[in-house]
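Working notes for the structure below.
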Amino acid sequence: MRIKANQKIFFCTNTKMAKNLQQSVEYLQELEILTRDLKDKIDLVVIPPYTALYTVQKLAHGYITIGAQNVCRSEETENTGEISAGMLRELEIPIVMIGHSERRRSFGETDEDIALKAKCLTEKGMSVLLGIGETLKQKENGESEEIINHQIKTALKNVETENYGLIRVLYEPAWAIGTAGKVADPDYVGRIHTAIRESLIQIMGEELGNVVPILYGGSVNEQNALSIFRQPNVDGLGIGRSAWNAAMFNKIIRNVLAFNEKYWEGEKNYAENIK
Ligand code: PGA
């Protein structure tokens, strides 16, 4: 466990292309009604597709943060089909996910591209949800920690020290995401999150590296959320499919909060019973 009793827990959901504009609006409204009493206890980020961003951002009542799924690596005009950090800032989008494994895999995004994106965003004062994660092959070759370390180092190489506070890390092993996903063993998640923390401390120094939130994502659901959350250096959860139903997302959030409260109320052995 890492999150303290009164510390906000991070939750985010990237809705990919699963929801159109109307569905995104309805989802936001339902999620807000269900979770608004938790606003002092959670940092909740909803990441709809570009086509819904403007509308959803206007409708959001403030405590749910609206993020974007991607950004162009450049601010130059000649990038047909892309959306720049400046354009997202104009919509008052405060946080942007970069480096999601689907973008790395299907659109050939490299660590260098991701570094450029991180630069564009942080220069504009926007937060970065940095997606990192190894492939199955890399895991099987025992390279996970090395890959993770390289991804973080490269992504942050152009980010100014004073902007480190804008970084949030989302660790999602490529092999554990989506319908083809295997489910990660909680101990493995804990091991990799600790390696991520070490990389962050190496780059940013003890003080800053220790406070960057690290979220876990990849087939998180009602059954496995607690056993993942209780791992060291897990500050929150990034949930896809299981969060796209607002009632289910609300249920998972409340389960995690209840678990955290019980843990800090002195029932630490409660945590030991969660496998
Ligand atoms: P999943 O998606 O929870 O459906 O595996 C996670 C993600 O891609 O963020």
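Numbering of ligands and ligand atoms starts at 1, following listing order. Just so it is clear, the values below take in all heavy atoms, side chains as well, and ignore hydrogens, waters and symmetry mates.
Here is the list of ligand 1 atoms found below 4.0 Å of a heavy atom in Gly178: 1 (P), 5 (O). Of all atoms in ligand 1, numbered sequentially from 1 with element shown, those under 4.0 Å from a heavy atom of Lys16 are 2 (O), 7 (C), 8 (O). Less than 4.0 angstrom separates some heavy atom of Arg241 from each of these atoms of ligand 1: 1 (P), 3 (O), 4 (O), 5 (O). Within ligand 1, the atoms closer than 4.0 Å to a non-hydrogen atom of Ser219 are 1 (P), 3 (O), 5 (O), numbered from 1 in the order shown. For ligand 1, the atoms closer than 4.0 angstrom to any heavy atom of His100 are 7 (C), 8 (O), 9 (O).
Put simply, the side chain of Leu215 does not reach to within 4.5 Å of the side chain of Phe11, judged on heavy atoms.
Regarding atom 3 (O) of ligand 1, its nearest protein heavy-atom neighbour is Gly240 N, 2.9 Å. Looking only at heavy atoms of the protein, atom 7 (C) of ligand 1 is closest to Glu172 OE2, 3.3 Å.
Polar contact with ligand 1: absent for Ile177 (N/O pair, distance under 3.5 Å). At a 3.5 angstrom cut-off on N or O pairs, Glu102 does not count as close to ligand 1. For Gly238, no nitrogen or oxygen atom sits less than 3.5 Å from a nitrogen or oxygen atom of ligand 1, counting backbone and side chain alike.
Between the side chains of Thr110 and Asp113, a donor-acceptor pair is found at a separation under 3.5 Å.
Ring planes of His193 and Tyr216: tilted class, angle from 30 to 60°.
One N or O on the side chain of Arg104 and one on the backbone of Gly99 form a donor-acceptor pair closer than 3.5 Å.
Between Tyr27 and Thr15, the shortest heavy-atom distance links the atoms CE2-CG2, 4.4 Å.
For Lys251, the salt bridge (Lys or Arg N to Asp or Glu O under 4.0 Å) test picks out Glu222, with sequence neighbours left out.
Sorted by first and then second residue, the salt bridge (Lys or Arg N to Asp or Glu O under 4.0 Å) pairs involving residues 138-155 (not counting sequence neighbours) are Glu145-Arg191.
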